[in-house]
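Right, one structure below, let's go through it.
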Amino acid sequence: MTAFEEIVEGSTPSIYRLARAFVGDAGAPDVVQEVFLAAWRELPRLRDPDRFGPWLHRIAVNRCRTVLRTKVHVREIAVSDATLEGAAVATDLRPAVESRESIGVAFATLSDDHRSVIVLHYAAGLSIREVAESLGIPEGTAKSRLNAALVVMRRSIREDDR
Amino acid sequence: MTTDRERPDAIDEYLSEMGRAEPPPTLAHDTIERLRLEPSRRSGRVRPALALVAVLAVAVVAVGVFAVAGPDLTPTASLAPSDEASASDAPSATVSPPATAPVATPSPIAAVAPTLTWTRHELTGPSPNLETIVRFQDRFLAIVRAPAAGGDGRSMLTSEDGLQWQTLVTSPFGRDSGGLLSVAGDSLIALASRGNQTTVWKSPDGRSWELWIDVDREHRKPVRIGAVAGRWVGIPPYGPVQTSDDGATWTDATAGPTAAKPLIVEGPSGIVMPAVEDVPTDAGSVDRQSMFLTADGRTFSESILEDAGSAIVDEATADEHTYVALGSAGPPDGDPSFAAWWSDDGRTWTRASVPAYPGSPPEPVAVVPYQGGFVAAGAPTSESDQPPPIGPAIRWWSPDGRSWVVLEGGPEQTVPDPLVVDGPRLLMYHQPLDRDGPIEVWVATPAG
């Protein structure tokens, strides 16, 4: 497995950044491990070695989405107290957390599709073409989704400022 | 309050920071350690899957998506036999050459595959993230990744039918991340990860777990454990196989396999372990595929699988009468072919007749006793410089281990995953990890 271990070594930063952007610091290492585990198991199904990069990133994106769905479910269960308390705290601390907090909120409220192109492009460092390959969408769609995602984030922040 | 002009800059900085985050320094190493807990596939020679990985590494560099670099992390050091070994532990070994020429023997039973009816189900339960699954004490048990509120642990699930699951216990391994489950004697064994270390947990019922083998500094704790004659036999990641009376003190077996595949088969004559032994020759050394048998956990007998040519065992199992092994074999300088072997006593191994596959042999990935015979599943592979053809999973049937035929029908797109037998039901789990979707469970039952 040495060759695959080299891939793990080389690809970990990219997959970690992707996972961290999706699920945060705490959950990212586990997601990284599961992505490589999945890739190792599923490797025989990969037809074209040239597509390994996009294929690996697609596994990572789908894994993150699954984790997020689970976390949303957990949050919904605890909504009665924790969410209301959290909202109050967020309001109280707003002057201190300033822009980073609101940008994070704007990012977190993006749709899965928008967040995926942002993360693949900015966190994983993929080109637009590679983003498109990873998500299985046309390059033009990837480009327009990226622009739309940025517009949504900016609009969200402006509305937040009012 | 910041202005609109400052916000886009802040967005740029936010996105830029995403691309600068550095992973924890041990993350890649930890991941590799965890991968080593995976049931290994082919070993001992360049294998199609491995060759594909090498091609991938080159391709990855070429497209510049990743910077592929890293040391050879395969352990090379071999430890001397433990000082703790006592005279009573001193194992003895006998070596048996192949009892038969590598010619398939005809089966006394006509190898006519049964007709199975397959139905597709979707797994339901508290978590879709199945990690491993076993059948234990007349029920199904599985470890799933189940992030709890504020945590990120695992849960043990249980099921009566293998389809509908419910939580048996959450975080059974404390803060360790549990992974591989196996059955050894009357115990359920789980391998878990703690950072880049491995811990071994034991349970009598799947509900209550005790930390059995804690971390060590040598990374030589067993990664597969079997039980025979009241003793434990463990296969470490590398080096000699280990034995133990109590599970607390493990000693290297001085005459057992030194390079056992992480696979233990409990069968009618004791524990069988496939191993690829490095045998010195005048020209250097050669790999020799052997099957080691121990009936008492102290003494080992070695049976060489093929005296001329190479052989690789990928999977093996046993029912109450017969051991079977599947893999590939071929002449020293020739192409390997799909191959299978059988043994009634774990010592004398005979080549079984198998379907012919032109080109690269398929890779068996699972074999289980089923309906008085055996069912195996495999995946197509390819030559080293070619990507693997993605075809339907291949399944085989043998009434007795002596002859194998293709088992027709069943799900076409499913790459074989764990096979679990529950009476007349054969369950095949498949998690489509590269796309969203529930775990598929294909259930086969004899037609009529």
Side-chain angles (χ1 to χ4, degrees), chain A residues 1-14 16-17 20-21 26-27 29-30 32-34 36-38 40-50 52-53 55 58-59 62 65-67 70-71 74 78 98-100 103 107 118-119 122-123 125-126 130 150 153-154 157-158 161, chain B residues 1-2 4 6-8 10-11 14-16 18-19 21-24 27-28 30-32 34-36 38 40 49-50 52-57 59-60 63 65-70 72-74 127-129 145-149 152 177 363 379-381 387-390 415 433-436:
Chain A
M1 204 172 66
T2 301
F4 194 78
E5 289 173 1
E6 289 181 1
I7 289 176
V8 173
E9 290 268 349
S11 310
T12 291
S14 171
Y16 172 77
R17 288 174 194 132
R20 179 177 172 273
D30 214 28
V32 169
Q33 293 195 353
E34 286 166 5
F36 284 113
L37 208 58
W40 176 244
R41 287 173 178 161
E42 296 284 296
L43 200 55
R45 299 178 64 192
L46 177 64
R47 281 179 189 278
D48 182 0
D50 288 341
F52 179 77
W55 178 76
R58 182 188 292 203
I59 291 175
N62 284 336
R65 286 175 168 176
T66 301
V67 170
T70 311
K71 285 187 173 174
V74 170
E98 263 306 338
S99 59
R100 185 176 174 77
I103 293 171
F107 174 75
I118 291 266
V119 167
Y122 288 101
L126 270 57
E130 290 162 347
L150 293 172
M153 283 183 74
R154 292 191 174 109
I157 291 167
R158 288 188 182 112
D161 283 344
Chain B
M1 187 82 54
T2 50
D4 277 0
E6 290 167 325
R7 292 291 188 182
I11 291 176
Y14 182 87
L15 298 175
S16 173
M18 267 187 193
E22 287 299 324
L27 179 57
D30 293 351
T31 304
I32 290 166
R34 190 168 165 192
L35 282 165
R36 285 181 179 153
E38 275 288 281
S40 70
L50 191 59
L52 168 68
V53 171
V55 173
L56 288 174
V60 163
V63 298
V65 177
F66 312 112
V68 176
D72 183 345
L73 298 172
T74 304
S127 170
N129 305 312
R145 182 183 181 280
D152 203 17
S177 301
E363 179 176 343
T381 60
I390 305 300
V415 169
L433 289 163
D434 61 344
R435 64 180 191 274
D436 281 337

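Quick caveat: nothing in here was measured; it's all calculated off a predicted structure. Naming convention: chains lettered A, B, ... in sequence-line order (proteins, then strands); numbering from 1 in each chain.
- Nearest approach of A:Tyr16 to B:Glu22, heavy atoms of both residues: CE2-O, 3.4 Å.
- The greatest number of non-hydrogen atom pairs below 4.5 Å with chain B, out of A:Gly125, A:Ala21, A:Ala123, A:Pro29, is found for A:Ala123.
- Between A:Arg17 and B:Ala21 the shortest heavy-atom distance is NE-O, 2.7 Å.
- Closest non-hydrogen pair, A:Val8 versus B:Ala28, comes out as CG1-O, 3.9 Å.
- Between B:Pro23 and A:Pro13, the shortest heavy-atom contact is CG-CA, 3.9 Å.
- Using a 4.5 Å cut-off between heavy atoms, A:Tyr122 touches chain B through backbone and side chain atoms alike.
- Distance CD/A:Glu9 to OG1/B:Thr31: 9.0 Å, rounded to 0.5 Å.
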